[in-house]
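Below: the structure, in structure tokens.
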Amino acid sequence: MKPLQFPYKVLLANIVVAIIFSFLYILSQKSGPRDGFGIIFGLTCLLSGLINLFLGLVFIFIKERDWRVGFFISSAVLFVLSGISCGSSF
């Protein structure tokens with residue numbers, strides 16, 4: 001099995017961070033553990049996608065290709081996950 005390429009490692013790390021932040025937020029609320037997880041996960045993915053888009057633009061000027069590609073791919077996937085999770089929770 002060949003190792004994962006660097007941009008996909010960035011993508012995987014960003015998705016895991018979004019899931020962890022969503023779980024921590026849901027567990028910190030007084031409502032049930034399942035109430036509103038889709039909305040919270042969607043908003044976390046949207047915010048993470050915006051941050052990743054900004055970081056990708058920053059890495060354009062620094063000329064770090066692997067980081068730039070990783071953050072742009074992460075941004076696109078997080079925006080799609082945001083739309084899917086928020087849309088399915090309504």
Side-chain angles (χ1 to χ4, degrees):
M1 185 160 127
K2 68 181 196 177
L4 212 57
Q5 294 177 353
F6 184 74
Y8 298 117
K9 288 180 185 178
V10 173
L11 170 66
L12 186 63
N14 281 310
I15 291 173
V16 168
V17 166
I19 290 171
I20 289 172
F21 280 152
S22 300
F23 274 126
L24 290 177
Y25 181 78
I26 290 296
L27 292 176
S28 70
Q29 299 301 312
K30 295 188 195 267
S31 61
R34 290 189 183 173
D35 294 342
F37 179 76
I39 295 290
I40 297 301
F41 181 66
L43 292 175
T44 304
C45 286
L46 181 65
L47 183 63
S48 298
L50 289 173
I51 291 169
N52 283 324
L53 184 63
F54 174 73
L55 288 173
L57 291 172
V58 167
F59 280 113
I60 283 178
F61 299 115
I62 298 174
K63 309 242 191 270
E64 290 286 334
R65 185 183 184 285
D66 288 339
W67 285 94
R68 178 181 63 221
V69 170
F71 282 118
F72 280 142
I73 289 174
S74 296
S75 176
V77 170
L78 287 170
F79 284 145
V80 170
L81 283 175
S82 171
I84 289 171
S85 63
C86 281
S88 67
S89 65
F90 283 122

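Values below: all heavy atoms of this structure, side chains included; hydrogens, waters and symmetry mates excluded. The model shown is predicted, which means the values in this text are computed figures rather than measured ones.
If you chain together hydrophobic residues whose side chains sit under 4.5 Å apart, F61 and V69 never meet in one group.
Cluster partners of I84 are V80, counting Ile, Leu, Val, Met, Phe, Trp and Tyr whose side-chain heavy atoms approach within less than 4.5 Å, directly or via other members. Other residues sharing the hydrophobic cluster of V17, ordered by chain and number and joined by side-chain separations under 4.5 Å: F21. Residue L47 is found in a hydrophobic cluster whose other members, listed by chain and number, are F6, V10, I51, F54, L55, V58, F59, I62, W67, F71; membership requires side-chain heavy atoms under 4.5 Å apart, directly or through intermediates.
Remark: L78 CG to N52 CG distance equals 6.0 Å, nearest 0.5 Å. The distance from the OG atom of S74 to the CG atom of L12 is 9.5 Å, given to the nearest 0.5 Å. Taking CZ of F79 as the reference point, atom OG of S48 lies at 9.5 Å (rounded to 0.5 Å).
Taking F23 as the reference, F37 meet the ring-ring contact (aromatic ring centres under 6.0 Å, His included) condition, with sequence neighbours excluded.
When every heavy atom of L57 is checked against every heavy atom of F72, the shortest pair comes out as N-CZ, 3.8 Å. Between L4 and K9, the shortest heavy-atom distance links the atoms O-CE, 3.2 Å.
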Acceptor/donor pairs from residues 39-46 side chains to any protein atom, 3.5 angstrom cut, sequence neighbours excluded:
residue, atom, partner, partner atom, Å
T44, OG1, S22, OG, 3.4
T44, OG1, I40, O, 2.7

